[in-house]
2 protein chains.
Amino acid sequence: MQINRMSVQLTERMKCSECPIRHRAVCARCDDTELERLEKIKSYRSFRAGETIIWRGDDLHHVSSVVSGIATLSKTLDDGRVQMVGLLLPSDFIGHPGRKTLDFDVTAATDVVLCSFERKPFEKLLVETPHISQRLVEMAMDELDAARDWMVLLGRKTAREKLASFIQMLVQRSHIEGSGMQEMTLPLTREEIASYLGLTLETVSRQFSQFRKEGILSFTDRRRFTVADHAALLEATGDDADGGVII
Amino acid sequence: MQINRMSVQLTERMKCSECPIRHRAVCARCDDTELERLEKIKSYRSFRAGETIIWRGDDLHHVSSVVSGIATLSKTLDDGRVQMVGLLLPSDFIGHPGRKTLDFDVTAATDVVLCSFERKPFEKLLVETPHISQRLVEMAMDELDAARDWMVLLGRKTAREKLASFIQMLVQRSHIEGSGMQEMTLPLTREEIASYLGLTLETVSRQFSQFRKEGILSFTDRRRFTVADHAALLEATGDDADGGVII
DNA sequence: CGCTCACCTTGATCTGCATCAAGTCGTCTT
DNA sequence: AAGACGACTTGATGCAGATCAAGGTGAGCG
């Protein structure tokens with residue numbers, strides 16, 4: 001998968017200044033001096049696809065940024081029903097400042113590399129480094145916006161609209177730079193997508209087939225596809241038909 | 001837009017130290033000096049039930065705390081489907097630091113009094129007053145948690161579980177102090193509740209009737225009720241059956 | 001006082017998605 | 001190469017909640 005392009009070398013000491021998420025992560029606003037302080041307390045940690053990174057309620061020893069790969073946040077009800085409540089892509093942050101635990105499970109959907117800081121020293125740094133706490137507030141607010149958009153999806157959208165919105169989000173977040181008809185890889189199984197969208201895996205599968213039949217998506221295999229008709233995909237999301245389309 | 005706020009009787013100068021939301025709002029951690037600075041730039045604004053407080057996309061001149069009453073946050077899709085994405089109770093905060101607009105409408109569900117600050121001076125204060133920004137991060141994180149819980153409700157719960165969860169939340173947030181079989185008043189119409197829960201108003205009405213028939217709720221009128229069987233209500237939420245139940 | 005209108009209730013019917021079921025496909029194991 | 005297994009697809013059927021429809025109730029007002 002393209003997101004893992006740099007995979008293995010990452011776990012060795014890498015300069016923050018060369019970090020692929022340098023300009024989007026929690027450290028985005030740090031100057032060189034601040035970066036040096038972070039550099040001293042950071043460590044890279046890798047997880048294989050499927051591994052649980054943090055269990056709900058576990059003592060949180062680290063806070064982390066996702067460097068590469070994709071992780072999921074999910075909540076489970078008593079009787080086993082699962083709802084995914086977030087997707088972590090590179091540059092996203094894990095950890096509540098001022099809390100010792102999380103109220104959801106964090107799981108590696110693909111192989112994942114984290115840039116981690118021990119919680120205590122990080123919180124100390126947070127107080128002394130406004131650039132970090134400012135960025136953290138920004139990121140929390142962005143996440144809140146995203147959560148609210150997702151509430152609309154979960155509460156009001158049809159299965160078709162849900163899947164279209166999911167694909168659209170993937171497309172937008174994946175290739176921020178290069179547009180064009182790029183091949184995409186689904187980072188999640190049908191079941192995981194269903195869990196994110198509040199659907200069943202069968203419904204997700206049927207909607208994928210439908211998009212294929214309509215010529216909106218074109219699959220090269222079960223996980224790899226290109227968006228053949230981007231306008232139709234946007235139309236199918238049910239959202240306002242803006243989104244900065246090319247004229 | 002009709003942001004006419006004529007009634008200003010309740011809203012005479014009130015000392016922050018006597019404010020009912022003093023210990024829970026964004027100013028909760030402020031010391032006396034900081035409170036004085038806030039006092040200087042604050043103003044009270046009142047809205048009648050049904051009035052729109054802020055339209056999605058409007059320039060945000062103020063940030064505010066809810067002093068009394070209840071406001072709703074909602075998003076509307078192209079074709080008119082509405083999803084409520086938050087409920088603001090006293091002490092809750094309106095406004096994204098660092099943003100000039102909101103991506104949802106804020107509406108007064110009951111008569112509402114806000115404690116407002118002009119955005120610019122407040123943001124200046126934010127930089128100079130860590131106690132405020134710390135509290136703001138805390139509140140944003142709490143909201144994020146609540147949003148994620150709501151995602152589980154919207155994505156996975158049945159109509160019965162949704163309504164039970166809603167009532168349970170109201171009960172918990174309303175009388176934090178006095179427990180016992182207190183009479184509650186629904187702050188929202190059936191339609192608004194439906195909008196919050198991702199249901200239709202008819203389904204909400206039917207579920208209320210069901211709870212009445214089962215003796216879980218006891219209505220004195222369409223809006224006023226008491227929880228007659230709290231254990232059964234908790235059971236009906238579908239959540240973990242903890243919550244400090246008496247043994 | 002009776003009219004209106006917003007809000008709510010209840011019944012009948014419909015439908016989108018869940019559920020149940022039976023495969024296919026590709027990869028890994030031995 | 002055969003089998004097993006996990007991921008996925010597709011079909012048949014069921015049902016929770018949406019939709020359509022027809023009142024009921026009470027506060028405000030001429």
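Within every chain, numbering begins at 1; the chains are lettered A, B, ... in the order of the sequence lines, protein sequences first and strands thereafter.
When DNA chain C is scanned 5' to 3' for any atom under 4.0 Å from a heavy atom of chain A, the first and last hits are C/dC17 to C/dC25.
Shown for residues 193-203 of chain B: residues whose heavy atoms fall under 4.0 angstrom of DNA chain D, namely B/G198, B/L199, B/T200, B/E202, B/T203.
Atom CD in A/E191 sits about 9 Å away from atom P in D/dC8, given to the nearest Å. When rounded to the nearest whole Å, the span between CZ of B/R224 and P of D/dA27 equals 13 Å. Put simply, CZ on B/F219 is 15 Å from P on D/dG26, counting in whole angstrom units. When the C1' atom of D/dC8 is taken as reference, atom CG of A/L217 falls 16 Å away, rounded to whole Å. Rounded to whole angstrom, the span from the CD atom of B/Q210 across to the P atom of D/dG17 amounts to 12 Å. Here the C1' atom of nucleotide D/dA7 and the CZ atom of A/R223 are 8 Å apart, to the nearest Å. When the C1' atom of D/dG11 is taken as reference, atom CZ of A/R206 falls 7 Å away, rounded to whole Å. Taking atom CD of residue B/Q207 and atom C1' of nucleotide D/dA18, one finds them 13 Å apart after rounding to whole Å.
Looking only at distances, a side-chain donor or acceptor of A/W150 sits under 3.5 Å from a matching main-chain atom of A/Y196. No donor-acceptor pair under 3.5 Å is formed between the side chain of A/D105 and the backbone N or O of A/W55.
Taking CD1 of B/I216 as the start and CG of B/L234 as the end, the distance is 10.5 Å to the nearest 0.5 Å. Distance CE/A/M151 to CZ/A/R156: 11.0 Å, rounded to 0.5 Å. Rounding to the nearest 0.5 Å gives a distance of 5.0 Å between CD of A/Q172 and CD of A/Q168. Within the model, atoms NE2 of B/H62 and CD1 of B/I54 stand 10.0 Å from one another, a figure rounded to the nearest 0.5 Å.
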*Could you go through the side-chain hydrogen bond (donor to acceptor under 3.5 Å, both in side chains) check for A/T220 and A/E183 one step at a time?*
CA-CA 9 Å; A/T220 63; A/E183 191 175 56; 3.1 Å; yes
_ring-ring contact (aromatic ring centres under 6.0 Å, His included) between B/F208 and B/F225, intermediate numbers included_ = CA-CA 11 Å; B/F208 269 127; B/F225 68 95; 7.0 Å; no
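Comparing A/R156 and A/R212, the nucleotide of DNA chain D nearest to each residue sits closer to the 5' end for A/R212.
Bending across the helix from C/dC1-D/dG30 to C/dT30-D/dA1, expressed as the angle between its end axes from five pairs apiece, amounts to 30° (10° rounding).
Closest approach of B/K75 and B/F104 over heavy atoms only: CG-CB, 4.0 Å. When all heavy atoms are compared, the tightest approach of B/D92 to B/R173 is OD2-NH1, 3.3 Å.
Between A/D221 and A/R223, no side-chain nitrogen of the basic residue sits less than 4.0 Å from a carboxylate oxygen of the acidic one, so the salt-bridge criterion is not met.
The residue A/R160 sits apart from the nucleic acid: no heavy atom pair falls under 4.0 Å. Base contact: B/R222 has a heavy atom under 4.0 Å from a base atom.
The phosphate of D/dT25 (OP1 or OP2) has no side-chain N or O of B/R190 nearer than 4.0 angstrom.
Here the rule is side chain to side chain contact (heavy atoms under 4.5 Å, CB included) with B/F166, and of B/T237, B/L188, B/V204 only B/L188 fits it.
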